[in-house]
Amino acid sequence: MTVTATTPTSLLALRRSVREFLAEADFTPICDSWMRGFDLDFTRALGKRGWLGMAVPEEYGGQGRSYVERFVVTEELLRAGAPVAAHWIADRQIAPTLLAHASDRLKDDLLPRICRGEVIFCVGISEPNAGSDVASIATSARRTDEGWVVNGQKIWNTLGDRADYMYLIARTDRSENRHHGLSELVVPMDAPGITVRPIYDLAGEAHFTEVFFDDVVLEDWRLVGEPGAAFKQVVRQLDFERSGPERLLSSYPLFEALVAEASELEDADLATLGRLSARYAALRAMSYSVATAMDADGPPTLFAALTKDLGNELEQLVVDVAGDLLPLTAADRQGDAWNHLAAATTYAPAFTLRGGATEILREIVTRRLLKGVKRS
Amino acid sequence: MSDDAKLVGEVARQVLGRLGEDPWRTIVEQEWVGVAVDPDHGGQGGTLEEAAALAHAAGATAAAAPVLEAVLAAIAAAASPGACELVPRLAGGEQRAVLVPRPVAHTGLAGVAVPWAREADVVLAVVEDGGAWQLASVPRDRLDVQPGATVAGDPSDLVTLRGGSLRDHLLEGEIDRDALLAATGVLTAARLLGAIEAVHAMTVEYAEQRKQFGVPLASFQALAHGIARQAGATELARAGLRAALPAALAGDAALPAAARVVAGDGSRDVASIAHQVHGAIGVTREHDLHRFTLRMRAWRDAYGTARRWESLLGRVVVERPSALWDASIPEGVA
């Protein structure tokens with residue numbers, strides 16, 4: 001892995017340049033902007049500045065920089081509530097997965113376009129009967145003379161209705177142990193036989209979908225890595241999925257708006273804000289450590305799981321606290337803080353579910369930490 | 001953590017593991033008192049990081065010894081321009097000093113609980129007057145000291161000034177409020193972290209060894225997930241301190257306050273989960289657990305209650321919302 005030398009000064013300069021860009025950019029800050037802030041022009045503007053594919057080597061159109069530098073950029077974008085959803089999945093987890101496992105043809109085809117913000121990816125792992133239990137995947141990809149023929153159903157695909165490609169896990173061999181026989185494929189979403197239906201969440205927004213496959217034919221070269229190796233390969237992708245600062249900053253714009261309304265608060269309520277502030281400070285340091293570890297050895301499974309668990313807890317706590325304190329300090333129910341609160345209240349239940357539910361994260365931790373925990 | 005600080009911590013854990021009759025004398029002999037004080041001011045010329053390593057060792061061994069107390073008093077003295085004669089005497093052990101754990105008004109030193117005051121020749125107090133902080137140095141013979149104890153049984157004595165005002169004992173010059181808060185936050189967080197790590201490790205070991213229903217406790221998901229929460233609290237406290245050290249060296253109090261708050265929160269969670277996992281043996285006098293958990297309770301409120309640190313940080317962030325971002329995360333953390 002190539003790592004650019006980073007110094008405190010160069011990181012600070014990078015952070016400042018992102019802040020300057022954001023100060024000039026035209027967008028409305030929202031909570032959960034990495035999931036719900038969709039703006040292709042904004043995404044492409046980031047690509048032009050070299051802030052997509054930062055850790056992708058230059059030969060594939062990336063910047064060849066470090067994960068720590070990527071961390072600095074993503075932290076500033078999330079802090080500002082900037083619309084980064086269009087590229088988030090591709091940049092965060094698809095690019096590193098392709099780099100680690102895909103053929104040259106797939107890499108050459110997709111990585112430069114990901115780095116320019118030109119292609120949108122969704123992920124097709126979950127199914128109606130395979131949520132946290134990935135090994136239960138039933139969607140099939142059968143090898144034929146024409147290529148892979150896919151049948152089945154995926155669900156909870158963020159951006160499924162806007163994506164150019166789906167990263168799909170399908171069963172390619174039924175004879176083996178259920179952890180084996182799963183393979184990864186890149187699916188063009190305009191292939192015949194694909195039907196996409198939006199799913200409205202409790203916020204009334206349709207940011208995810210269900211996707212049906214009816215004899216969808218894919219060329220051979222769309223397989224990622226080895227056939228049957230999906231379970232092994234995806235573990236690393238899931239590490240990338242849960243290792244970023246978005247896992248603690250989804251409700252940060254609400255926190256900042258709350259703080260702006262807090263000058264009249266009493267000591268006990270200031271103490272509550274102090275507790276949240278302390279958690280942000282310590283979690284930012286944990287998240288930074290995850291990024292340094294990614295530069296050294298790739299995502300640190302146990303430590304990243306702990307960071308996500310604590311980060312998700314904070315994201316929800318901020319929403320609860322804002323709900324308690326805002327009526328005390330901004331009783332008119334007008335303004336940014338109230339708007340953020342109304343939105344984040346409907347987003348919050350998913351914070352501890354998506355990208356690995358709390359209980360799954362604690363299993364990851366305990367199985368690595370404790371001798372005597374049964375491993376299934 | 002630097003190699004120097006690591007070494008200081010390792011040695012300290014060994015020394016604190018076999019303390020004799022007079023722990024303060026050991027602390028002086030080990031040249032710990034002035035560890036974070038410049039040699040020009042009579043100190044040992046180490047850094048705040050080494051002082052934190054000592055406080056961490058005191059936590060890791062649940063030491064019944066005034067390590068943090070002696071070190072912090074020397075730091076406070078060195079921060080006061082008027083105490084230049086006092087610091088070398090403290091470092092050399094000719095005098096023993098403790099610091100009143102919170103700023104007081106001129107008339108405020110009445111029945112204030114001060115850790116280890118019974119052994120002090122001098123009690124130092126930060127006197128707050130219209131926002132300015134100044135140090136008062138009061139000799140033992142001007143004080144009434146009533147023995148008291150923390151919930152863990154460590155000395156915490158009620159100190160009262162015998163007549164007059166702290167004005168009579170003020171040392172010349174103001175002290176830098178943020179710098180002293182930063183040092184206090186870092187040292188108290190480090191001591192809590194040492195205890196948190198030790199208790200987490202004890203809990204992991206117990207859950208792996210103790211069997212019920214024919215299997216280790218660790219195999220029960222409800223208990224295992226509690227231990228995962230302990231691991232999270234431990235890492236959070238570690239990260240808080242990691243971010244706080246460079247900030248403290250730069251004189252910024254926000255991140256040290258944050259470190260102290262997460263360590264205080266974490267100590268409560270880690271202790272309660274530890275007791276739940278240990279079951280009845282953990283509440284016995286003969287088991288080591290209470291030596292840690294009761295001190296964690298006391299240390300959570302030492303040198304400023306948990307609530308006081310929380311509201312201090314809350315006020316900083318409300319006044320300067322970028323405080324969490326201006327300081328040295330992550331640029332100074334590496």
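Values below: every heavy atom of this structure, side chains too, minus hydrogens, waters and symmetry copies. Every value quoted in this text rests on a predicted model; they were computed, and no experiment measured them. Here is the naming used below: chain letters follow the sequence lines, and residue numbers restart at 1 for every chain.
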Once you round to the nearest 0.5 Å, how far does OG1 of T188(B) lie from CG of L68(B)? 7.0 Å
If you apply the rule side chain to side chain contact (heavy atoms under 4.5 Å, CB included), what do you find for F21(A) with L46(A), and how did you get there? CA-CA 9 Å; F21(A) 165 78; L46(A) 294 180; 3.5 Å; yes
Any side-chain heavy-atom pair from R354(A) and R247(A) closer than 4.5 angstrom? yes
With a 4.5 Å heavy-atom cut-off, do R242(A) and I364(A) have their side chains touching? yes
Are T293(B) and R297(B) close enough, and set up right, to give a side chain to side chain contact (heavy atoms under 4.5 Å, CB included), and what steps lead you there? CA-CA 6 Å; T293(B) 56; R297(B) 184 63 194 84; over 6 Å; no
Heavy-atom closest pair (D252(B) atom, A182(B) atom, distance to 0.1 Å) is O-CB, 3.6 Å
Determine whether W325(B) and E76(A) make a side-chain contact, defined as any pair of heavy atoms from C-beta on separated by less than 4.5 Å. yes
Ranked by heavy-atom pairs below 4.5 Å to chain A, first place among A237(B), P321(B), A207(B), A239(B) goes to A239(B)
I need the residue from L236(B), V262(B), V316(B) with the largest number of non-hydrogen atom pairs under 4.5 Å to chain A. L236(B)
Could you list which of residues 209-225 of chain B have a heavy atom closer than 4.5 Å to any heavy atom of chain A, in residue-number order? P216(B), A218(B), S219(B), Q221(B), A224(B), H225(B)
Mind listing the closest non-hydrogen atom pair of F71(A) and S287(A) along with its distance? CE1-OG, 3.4 Å
Side chain, backbone, both or neither: which part of R238(B) has a heavy atom under 4.5 Å from chain A? neither
I'd like to know if the side chain of H56(B) pairs up with that of E197(B) as donor and acceptor (distance under 3.5 Å, no hydrogens or angles considered). yes
Student check: side-chain heavy atoms of L245(B) and L255(B) closer than 4.5 Å: no
L369(A) to A231(B) - nearest heavy-atom pair and separation: CD2-CB, 4.0 Å
Scored by heavy-atom pairs under 4.5 Å with chain A, the best of D265(B), V261(B), L241(B) is D265(B)
Spacing of CZ belonging to R295(B) relative to CG belonging to L192(B), to within rounding of 0.5 Å: 13.0 Å
Side chain to side chain, V104(B) and V126(B), heavy atoms closer than 4.5 Å: no
If contact means a heavy atom pair closer than 4.5 Å, which residues of residues 266-278 of chain B contact chain A? R268(B)
Using only non-hydrogen atoms and a strict under-4.5 angstrom cutoff, which residues of residues 299-311 of chain B touch chain A? R307(B), E310(B), S311(B)
Side-chain contact test, heavy atoms from C-beta onward, threshold under 4.5 Å: evaluate it for R284(A) versus P245(A) and give yes or no. no
Using side-chain heavy atoms (C-beta onward) and a distance below 4.5 Å, is W34(A) in contact with D32(A)? yes
What's the shortest heavy-atom distance between D295(A) and S66(A), and which atoms? OD2-CB, 3.3 Å
Is any side-chain heavy atom of L78(A) closer than 4.5 Å to a side-chain heavy atom of Y252(A)? no
For A291(A), is it the side chain, the backbone, both, or neither that has a heavy atom closer than 4.5 Å to a heavy atom of chain B? neither
Which heavy atom in A5(B) sits nearest to a heavy atom in A53(B), and how many Å separate them? O-CB, 3.3 Å
Option in L270(A), D269(A), L273(A) with maximal non-hydrogen atom pairs under 4.5 Å from chain B: L270(A)
Can you give me the closest heavy-atom contact between L324(B) and V317(B), atom names plus distance? CG-CG2, 4.1 Å
Residues in residues 299-317 of chain A that sit under 4.5 Å from chain B, counting heavy atoms only: F303(A), L306(A), L310(A)
With a 4.5 angstrom heavy-atom cut-off, could you sort out which part of E359(A) is near chain B: side chain, backbone, both or neither? both
Return yes when atom CZ of R19(A) has more than 12 non-hydrogen atoms of other residues, nucleotides or ligands closer than 6.0 Å, and no otherwise. yes
